[in-house]
Every structure is written in C-alpha cells, then in structure tokens.
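What follows is a single structure, written as structure tokens, with notes after it.
Bear in mind that the values here come from a model prediction, so they are computed numbers and not experimental data.
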Amino acid sequence: MIVILKHNPDPGQLGGLLDWLREKGVTVHTSVGEANTILGLVGDTSRLDIDLIAALEIVEDVKRVQEPYKNANRKFHPEDTVVRVGDTQIGGGSLTVMAGPCSVESEEQVVTIAKAVKASGATMLRGGAFKPRTSPYAFQGLGETGLAYLRAAKEETGLPIVTELMDLSQLPLFQDVDVIQIGARNMQNFDLLKAVGHQEKPVMIKRGMSATYEEWLMSAEYVMAGGNENVILCERGIRTFESYTRNTTDLAAVPVLRRLTHLPIIVDPSHATGKSWLVEPLAMGAVAMGADGLLIEVHNNPSHALCDGPQSLRPEDFDHLAKKLLPLHSFVAGMEG
C-alpha cells in the first residue's frame, strides 16, 4: 500500500500517522519528492482501513500495490535511487563504468589492468576472486589471495572494488570490498540475499539465466527487506534457444525496469555475448537505451586468460570504446532532457 501525502504535510499530523501505522505492525518507507511525500507501507496491510487513512487531512490518496515487490517498486519510490560508492555513484544521471578482469590471476595483472582502465575513464574495478564455474575442473579463482590483490589495486588507483560473493562463509572476507556482486547462479540463493540485506555495502544482483523481471525484482526485494536499500540490477543476458552467442542480451530490460523500479540498472555486455567483438556495439546500445552503467571485462592478454578470455577486451580496445561512451551518454541525456 502507498499513502500519498499532500504538499508540506503538518509535521504533528504526519508523526501521529506514522506512530499509528507502526503500532499496526507495518513498516513505513518514506520517499520525499519535489511535489509529494509518499509513504510505502510494507507488511500485513489488509487490516488497515483505506477509507480511514484517506480521510486524514494530510492525505492526498491511498492505493494498494498489486506487485509482490514493494520496496523495489517505483510506485513506492518515484525518484531514481542513487547508490553512492566512495567518491563515485551509480545512477542519478551519471554513467558508471566498471571494468577489469574476469578473474584475478596475480597482483601484477590486476594492478596493471586497474591502472589502464582508470586512465581510460573507468570509475570502478571489477575482478573475480571467487569464481563459480560450470566445470569442477575449471579455474575457481584465487579466493582470499585474490581479494588481497584487488585491495592492492585499489590502493594503487583509488578505484572501488566490485567482486562476487558466492557463499555466506565468505562474507567476513569482504570488509574491503565496495560493491558485493551476487552472480546469476545465486540470484535466488535466498539465504545469501538475506545476509547481504543485513549489511550496508551496496549489492549488485545479476539477472538469473532464466529469470523473469519479476523474479529478478523479488531478489532485490529480499535484500531491501533486510534493510539494505543500496541495490543495483545487472542485466547479463539470458538463456534462449540461440547458441551463436553465449547468452541473449535483453536490452529491453533497461526501459522495462526503468518503468517498474527506481533501482539503478547496469548492463554486462561481456557475459551477455561471450565474444569480445560484440562488447562495443552492445555497450553502445545499452547506453543508448538509458542504462546507468556498464560492467566490462578487460584483460591485458586475453588469449592467456585463466577465465573468459574470448569475451575480454584488451586495454587499448577498452580505451577506444570508452572514448565513445561518454559522448553518447551525454547525447542521450540531452535528448531525454
């Protein structure tokens, strides 16, 4: 349920309404916009008398929300959410570019790549320390050592770290990680989602390989229900009958999610296709569709990468792409304005 308040509601009346709602066992999320203040009510709202609330002097309108996701719903929070990470942000009209290797292989490798992508305009460093792999014989990542190498790269460049959490037992190791990534395979690992919802670090949820928009948003709801509202959604391609590309990129997810939710939307063109030559056109397409950022794999020697070399850009190719992204983003923003 959402309660839309009139402009400049009386503080005393508002306080009384909030106290009454909480006495009813309802959690209240307040969103203050330019024109209205919206109260998003989460919990068992069936016991609340809509007519009684609507009759209050400070109330403009009361509506029931049919969608199962409440906190992530744009009806609850009309203004776009901006997730702040150190000195940068995701959402709010900026274009965030997260770049780095699929897997951390050595300190020299990740520091070298971090310096290169920062010089080209990347604002965050992505890199896998723990790697979920389809084959048990494939490289699984360096684990805690990989996290140490990511910290070294952060110290050298100042770039915030984005890396994947695979298991609850790993969470204590993520103290120096800036954005926790929940991978496609764990999108519906509800215990993991609850755990990251009870801590404060921003969480980026990758869309499951066969997940619908609603299922994806319900995963975000799990995190937000725990109290962590710093959630980012990442489209990384879905599984279809097409086998030419690694996955099928759903760029329609960007405008659809923009309508359904207030959360920032990132696109990963690397995992979406599995082919490095497709990363640039898809990245450009994602920006043209209004994505808030990109997650791009960059490796200084893709042919010898321990993981996903075929979809990784060389630093010089990333630099070429980065020079196109900001002008395109500015153009799109200008058209929307």
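With hydrophobic clusters built from ILVMFWY side chains whose heavy atoms lie under 4.5 angstrom apart, V298 shares a cluster with V104. Under the 4.5 Å side-chain heavy-atom criterion for grouping Ile, Leu, Val, Met, Phe, Trp and Tyr, L159 is not connected to V85 through any hydrophobic cluster.
Closest heavy-atom contact between T88 and P160: CG2-CG, 4.2 Å. Here the closest heavy-atom approach between residue L165 and residue N186 is recorded as O-ND2, 4.1 Å. Minimum interatomic distance between V59 and A54 (heavy atoms only, all atoms of both residues): CG1-CA, 4.0 Å. Between T163 and A129 the shortest heavy-atom distance is OG1-N, 3.6 Å. Of all the heavy atoms in Y213 and A252, the pair that sits closest is OH-C, 3.8 Å.
A cation-pi arrangement, defined by a distance under 6.0 Å to the six-membered ring centre and an angle within 45 degrees of its axis, is present between K275 and Y244.
The shortest distance between side-chain heavy atoms of V203 and V179 does not fall below 4.5 Å.
The distance from atom CD1 of I266 to atom NZ of K206, rounded to the nearest 0.5 Å, is 11.0 Å.
Here the side chain of T27 pairs no donor or acceptor atom with the backbone of L41 at under 3.5 angstrom. Checking side-chain atoms of D61 against main-chain N and O of I4 turns up no donor-acceptor pair under 3.5 Å. Between the side chain of K201 and the backbone N or O of Q175 there is at least one donor-acceptor pair closer than 3.5 Å. A donor-acceptor contact shorter than 3.5 Å is absent between the side chain of Q13 and the backbone of E57. A donor-acceptor pair under 3.5 Å is absent between the side-chain atoms of H77 and the main chain of N73, judged by distance alone. Not one N or O on the side chain of N228 forms a donor-acceptor pair closer than 3.5 Å with the backbone of V223. In terms of modelled atom types and a separation under 3.5 Å, the side chain of S219 and the main chain of M187 share a donor-acceptor contact. Side chain of Q109 to backbone of S103: a donor-acceptor contact under 3.5 angstrom is found. Using modelled atom types, one side-chain atom of Q89 and one backbone atom of G91 make a donor-acceptor pair closer than 3.5 Å. Side chain of E67 to backbone of Y69: no donor-acceptor contact under 3.5 angstrom is found.
Summarising the local packing, CD of E144 is surrounded by 12 or fewer heavy atoms from other residues, nucleotides or ligands at distances under 6.0 Å. Within a 6.0 Å sphere centred on CZ of F331, heavy atoms belonging to other residues, nucleotides or ligands number 12 at most. For K24, the NZ atom counts as loosely surrounded, since its 6.0 Å shell holds 12 or fewer non-hydrogen atoms of other residues, nucleotides or ligands. Crowding of E108 atom CD: a count of heavy atoms from other residues, nucleotides or ligands under 6.0 Å not exceeding 12. Atom CG of D87 has 12 or fewer heavy atoms from other residues, nucleotides or ligands within 6.0 Å. The number of heavy-atom neighbours closer than 6.0 Å to CD of E242, taken from other residues, nucleotides and ligands shown, is above 12.
Taking the charged nitrogens against the carboxylate oxygens, R126 and E297 do have a contact shorter than 4.0 Å, which makes a salt bridge. Look at K70 and E221 and you find no salt bridge, because none of the NZ, NE, NH1 or NH2 atoms lies under 4.0 Å from a carboxylate O. Ion pairing of R246 with D308 is present here, as a side-chain N (NZ or NE/NH1/NH2) and a carboxylate O approach within less than 4.0 Å.
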Exercise. Start with the C-alpha gap between T249 and N247, add the side-chain angles, then the distance that decides, and say whether side chain to side chain donor-acceptor pair (under 3.5 Å) holds.
Key: CA-CA 6 Å; T249 315; N247 297 290; over 6 Å; no
Quiz item: Hey, mind stepping through D317 and H320 against side chain to side chain donor-acceptor pair (under 3.5 Å) and telling me if it holds?
Solution: CA-CA 5 Å; D317 297 324; H320 176 78; over 6 Å; no
Exercise. I would like to know whether H29 and N71 meet side chain to side chain donor-acceptor pair (under 3.5 Å); could you show each step before the answer?
Key: CA-CA 8 Å; H29 296 266; N71 293 301; 2.9 Å; yes
List the atom pairs, donor and acceptor, that lie under 3.5 Å between side-chain atoms in residues 232-239 and the rest of the protein, sequence neighbours left out.
residue: E235; atom: OE1; partner: R207; partner atom: NH1; Å: 2.9
residue: E235; atom: OE2; partner: G237; partner atom: N; Å: 2.8

